[in-house]
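Take a look at the structure below.
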Amino acid sequence: MSKLVLIDGNSIAYRAFFALPLLNNQKGVYTNAVYGFTTMLLKVLEEEDPSHILVAFDAGKTTFRHETFDEYKSGRQKTPSELSEQLPLIRETLDAFQISHTELANYEADDIIGTLSKQAEAEGWDVRVYTGDKDLLQLVSDKTTVALTKKGVTNIESYDVAAIDEKYGIKPAQIVDMKGLMGDSSDNIPGVPGIGEKTALKLLKEYDSVENVLDSIEHISGKKMKERLTEHKKQALMSKELAVIYRDVPLQVAIEEIKRRSYDTKQLSELFKELEFQSLLGSIDGAENEKESLEDISFEAVDTLSEDMLKSPSALMVEVPHENYHHADIWGISVVHEDGRYYFPLEAAVKSDAFRKWAQDASKEKYTFDTKRAMVALGWHGITLKGVTHDALIASYLIDPSVSSHSVTDIASRQQKNIVHSDEAVYGKGAKQKKPEDPDLAEHLVRKGEAVFTLKPRLEEELKNNEQFQLFTELEMPLTLILGEMETTGVKVDKQQLEKIGTELDEKLDQLQSDIYELAGTEFNINSPKQLGPILFEKLDLPVIKKTKTGYSTSADVLEKLEDKHDIIPKLLLYRQVSKLKSTYIEGLLKVIHPDTNKIHTMFNQAITQTGRLSSTEPNLQNIPIRLEEGRRIRKAFISAEPGWSILAADYSQIELRVLAHIAKDEGLMEAFQKNMDVHTKTAMDVFHVDEDDVTSNMRRTAKAVNFGIVYGISDYGLSQSLGITRKEAQEFIDRYLASYPNVKEYMDDIKEEAREKGYVTTLLNRRRYLPEITSKNFNRRSFAERTAMNTPIQGTAADIIKQAMVDVNEALNNQNLHSRLLLQVHDELIFEVPEEEIDTMKELVSSVMEKTMQLDVPLEVEVSYGPTWYDAK
DNA sequence: GAGATCACGC
DNA sequence: GACGTACGTGATCTCC
């Protein structure tokens with residue numbers, strides 16, 4: 001059975017362009033529409049598996065419709081140049097896919113599609129049309145269906161005859177009559193003034209067509225309506241005519257010629273590389289097997305190491321293929337320096353005194369990619385890696401934190417050095433990942449080493465150009481080692497304690513579950529929003545507050561609004577809270593207790609966030625509950641590894657707002673900190689113009705939310721959500737805030753201007769974040785970029801400070817030969833384990849080092865607390 | 001395996 | 001006509 005897919009090229013490109021942020025490659029070529037178009041194309045090819053396919057484009061400005069109506073499509077906004085530039089690239093992509101595309105002077109893409117679908121139907125084929133334009137619904141028949149883009153590009157809604165009947169109550173052929181009556185503002189088709197979709201459909205249900213409606217004007221009720229129809233008779237007929245797709249276009253392509261061909265893998269992968277569509281490279285059949293040919297590279301694979309193979313400086317690659325490097329599986333090691341390239345298996349390294357000595361010698365310089373991974377994995381094999389002076393991962397991240405992949409391969413290709421295959425190409429991906437044959441693995445690791453070695457000067461040069469070299473060598477590189485030590489040390493957890501809490505939670509869950517079933521009058525999966533929605537909003541008939549794209553929203557903020565409407569609601573909220581604790585924190589944490597150490601070893605990602613903060617995974621120890629007592633108890637399971645030691649927590653008080661006060665040099669705000677006031681109360685005083693004693697709890701709550709908004713860069717919308725007020729009211733609070741703190745206002749304006757001029761913003765230590773969308777014509781994207789511009793220097797500087805504090809504290813611990821150990825960092829706090837006899841020293845030392853780490857115009861304040869468990873350190 | 005929804009921390 | 005709202009991680013459900 002033949003199946004023809006027809007794609008409305010301009011329409012889909014248009015949708016893709018607006019659905020995606022304005023992406024561009026290194027050369028500054030915009031690619032978002034091409035990307036969106038291509039993802040849709042890949043999905044269509046896979047899902048439809050068509051035998052024939054063609055993409056139709058509009059040609060030129062005028063078509064035969066302009067002869068009927070010279071105002072046709074006039075008044076339309078010009079296509080943005082960022083989009084029209086991409087249309088040739090889309091055609092190029094289609095060529096690489098070997099998919100036919102065509103356009104024809106005097107006709108629109110619609111007409112080409114109409115003509116080919118007619119021909120295909122005559123042959124008895126199935127036809128499927130992809131477009132964002134409802135006009136094409138008129139082509140729907142027994143053989144033809146239309147896929148309309150709903151949201152974005154890949155989210156589509158499919159229309160057959162029944163679906164059109166359901167939605168509009170008319171036949172496909174009547175779509176043009178509908179247009180004739182209601183018109184189409186986007187094409188400047190006038191229709192009949194005063195008639196919209198509703199009225200048009202009502203008339204058509206009774207009279208079938210525009211012609212019949214006009215012939216029956218006297219029977220139609222309503223004086224106004226009669227007048228309108230009489231007066232605009234001609235216009236209605238013309239509008240209908242304009243909407244009719246012409247299905248006998250003199251096409252040059254014969255239908256047999258648009259047979260689907262297999263695509264040109266080489267051309268396509270080259271194009272994707274050029275456009276930097278890394279994620280799509282993998283989805284091209286054959287691309288992962290067919291590695292591009294790289295220039296030969298010579299190396300030695302050895303089983304015994306000698307000293308002359310290990311020089312200073314060398315690139316050192318330790319391949320730890322599994323995401324979690326605490327399990328220490330190492331596939332192989334390569335060393336590359338000026339005089340040679342070597343590959344050897346882990347066993348060779350472990351048994352080699354020469355390697356151990358070299359690796360542990362801080363004076364032997366090493367360049368790596370992801371030092372922490374290599375360091376921790378080697379550490380598990382008893383080798384303490386030292387002397388790393390350059391980490392390409394960290395360098396790449398500092399140069400531009402937004403790039404989606406910092407792999408060796410991608411860093412190399414960004415520097416125009418195609419000398420290393422992707423890991424995916426060599427190892428496969430996902431479940432298919434496997435260790436390749438020895439020579440292939442060896443060559444791959446050597447290539448990575450070669451890339452790291454040769455790219456080092458280029459990356460350093462970029463860092464220096466950005467004035468980030470100091471940030472790199474004196475902050476982030478030392479920090480990597482500290483994080484590695486923290487991860488290797490791990491945190492002791494009391495397994496029995498976790499299990500005990502788990503049992504209690506289970507009992508609660510059982511009780512809640514049966515209560516909920518009883519209140520609902522039925523049993524269902526409470527964890528499924530899809531099942532919960534209908535029960536709440538249909539069976540129990542509660543008011544619908546919010547919908548998601550797949551159904552009713554049942555999120556906590558919705559449920560809170562319904563709290564006193566039904567007894568089931570508080571039970572649900574509690575159920576959610578308890579089951580989150582059980583699954584994420586009890587079961588999740590028990591799962592990641594390392595069998596060898598009985599501790600939890602998280603991994604801090606130092607190269608992921610856009611602001612410079614760290615993140616934590618497997619498990620995430622930066623989101624252990626604290627707000628609600630029920631969850632806070634989880635912290636009782638976090639204990640010190642040594643008997644009698646304590647957990648000590650030191651947190652910066654209001655660090656972001658202090659940073660803001662410093663950056664903006666705002667007197668009102670600075671006063672709050674210089675006098676050590678409660679900052680939210682102070683904000684309430686300034687915003688509401690009242691004395692301290694007259695600040696109500698509600699005023700303070702509002703002020704706190706506004707401060708929160710400032711720190712996290714939320715919008716008026718975000719603030720309105722958190723305070724449960726209207727957007728307008730939220731904006732008023734923001735305006736009052738800025739009026740109270742004029743220098744903050746000035747800072748906000750200046751930083752936006754700076755972002756527009758430079759294209760990026762920086763933190764106190766020159767961390768950088770690019771904001772290309774700050775000049776976007778799209779209001780939402782531009783606004784988002786502006787909020788980011790205001791927020792990133794604040795949050796990023798706070799991140800700089802605590803990172804610097806970690807380096808300083810670590811140095812102090814070493815200098816004073818203390819046994820206390822840094823365990824965790826949670827954005828504004830540091831967690832240590834401390835022997836009894838060092839408690840007093842540490843209380844003093846940690847707070848003074850943290851407070852002195854950076855000299856701001858306002859004092860930094862640190863609060864220290866400690867106890868036998870993390871819970872008690874409050 | 002991917003995407004949607006929900007929830008936790010800062 | 002577009003359209004989505006601080007970030008990052010993780011669990012579960014659902015559909016393919």
Side-chain angles (χ1 to χ4, degrees), chain A residues 11 14-21 46-47 76-77 80 83 132-134 149 151-152 154-155 184-187 429-432 525-533 548-559 572-573 576-585 587-589 591-592 602-603 605 608-628 631-632 634 651-652 655-656 708-722 727 777-781 783-788 790-792 794-795 798-799 802 825-829:
Chain A
S11 166
Y14 206 68
R15 288 289 171 147
F17 179 75
F18 283 109
L20 294 168
E46 161 134 18
E47 283 178 7
R76 226 186 212 201
Q77 277 213 339
L83 170 56
D133 185 349
K134 290 196 180 71
T149 53
K151 190 185 169 187
T154 47
N155 187 348
D184 181 344
S185 60
S186 72
D187 285 347
K429 71 167 175 180
K432 281 183 245 161
N525 185 345
I526 308 172
N527 288 319
S528 163
K530 206 188 157 192
Q531 292 180 40
L532 176 61
T548 67
K549 51 185 127 176
T550 50
Y552 305 105
S553 171
T554 65
S555 61
D557 60 319
V558 168
L559 296 186
L572 282 170
L573 284 164
R576 284 250 176 95
Q577 190 196 330
V578 175
S579 75
K580 170 83 179 175
L581 291 176
K582 180 75 178 37
S583 66
T584 305
Y585 297 106
E587 283 165 7
L589 289 175
K591 239 186 289 180
V592 291
T602 185
M603 293 181 292
N605 196 332
I608 191 87
T609 71
Q610 301 304 300
T611 55
R613 277 185 169 185
L614 301 173
S615 76
S616 155
T617 57
E618 284 187 72
N620 180 351
L621 292 183
Q622 293 183 317
N623 71 344
I624 303 300
I626 187 164
R627 235 179 63 249
L628 302 168
R632 192 173 197 158
I634 301 282
D651 66 292
Y652 279 113
I655 187 164
E656 282 98 350
F708 180 86
I710 299 285
V711 166
Y712 288 119
I714 63 174
S715 57
D716 54 353
Y717 173 86
L719 183 62
S720 74
Q721 291 294 302
S722 69
R727 212 164 139 164
K777 292 181 187 77
N778 179 305
F779 174 81
N780 295 318
R781 289 185 194 155
S783 303
F784 184 50
E786 286 174 353
R787 294 202 301 278
T788 310
M790 298 184 279
N791 162 252
T792 296
I794 302 172
Q795 208 184 106
I802 193 155
Q825 187 252 45
V826 191
H827 307 308
D828 64 358
E829 79 178 311

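Chain letters run A, B, ... following the sequence lines, proteins first, then strands; residues in each count from 1.
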Nearest to the [X] side chain among [options], which nucleotide is it?
X      : options                : result
A/R627 : C/dT9, B/dG9, B/dA4    : B/dG9
A/K580 : C/dC7, B/dG9, B/dA7    : B/dA7
A/R787 : B/dT5, C/dG8, C/dA6    : C/dA6
A/N623 : B/dG9, B/dA7, B/dT5    : B/dG9
A/N620 : C/dG10, B/dC10, C/dT12 : C/dG10
A/N780 : B/dC10, C/dG10, C/dC3  : C/dC3
A/S528 : C/dA11, B/dC10, C/dC13 : C/dC13
A/S553 : B/dC6, B/dG9, B/dC10   : B/dC6
A/S715 : C/dC13, B/dC10, C/dA6  : C/dA6
A/S615 : C/dT14, C/dG8, C/dT5   : C/dG8

Side-chain N or O of [X] closer than 4.0 Å to phosphate OP1/OP2 of [N]:
X      : N      : value
A/T548 : B/dT5  : yes
A/S583 : C/dG10 : no
A/K530 : C/dT12 : no
A/Q622 : C/dC7  : no

Practice problem: Classify the side chain of A/R613 versus the base of B/dC10 as yes if they form a donor-acceptor pair under 3.5 Å and no if they do not. | Solution: yes
Quiz item: Is any side-chain N or O of A/Y717 under 3.5 Å from a base N or O of C/dG4, one able to act as donor and the other as acceptor?
Solution: no
Specify the closest pair of heavy atoms between [X] and [Y], including all atoms of both residues, with the distance to one decimal.
X      : Y      : value
A/T609 : A/L614 : CG2-O, 4.1 Å
A/Q622 : A/V826 : O-CG1, 3.6 Å
A/T611 : A/T792 : CG2-OG1, 4.3 Å

Quiz prompt | Residue met sooner reading DNA chain C from 5', once A/Q795 and A/G588 are mapped to nucleotides | solution = A/Q795
Classify [X] by what it touches in the nucleic acid, base, sugar-phosphate, or nothing, heavy-atom distance under 4.0 Å.
X      : answer
A/S616 : sugar-phosphate
A/R727 : base
A/I626 : sugar-phosphate
A/T554 : sugar-phosphate
A/E656 : nothing
A/N605 : nothing
A/Q721 : nothing

Practice problem: Please report, rounded to the nearest Å, how far the P atom of B/dA7 is from the CD atom of A/Q577. | Solution: 10 Å
Practice problem: Just need the stems in DNA chain C: three or more back-to-back Watson-Crick or G-U pairs, each with both distances under 3.5 angstrom, sorted by first number. | Solution: B:1-9 with C:7-15
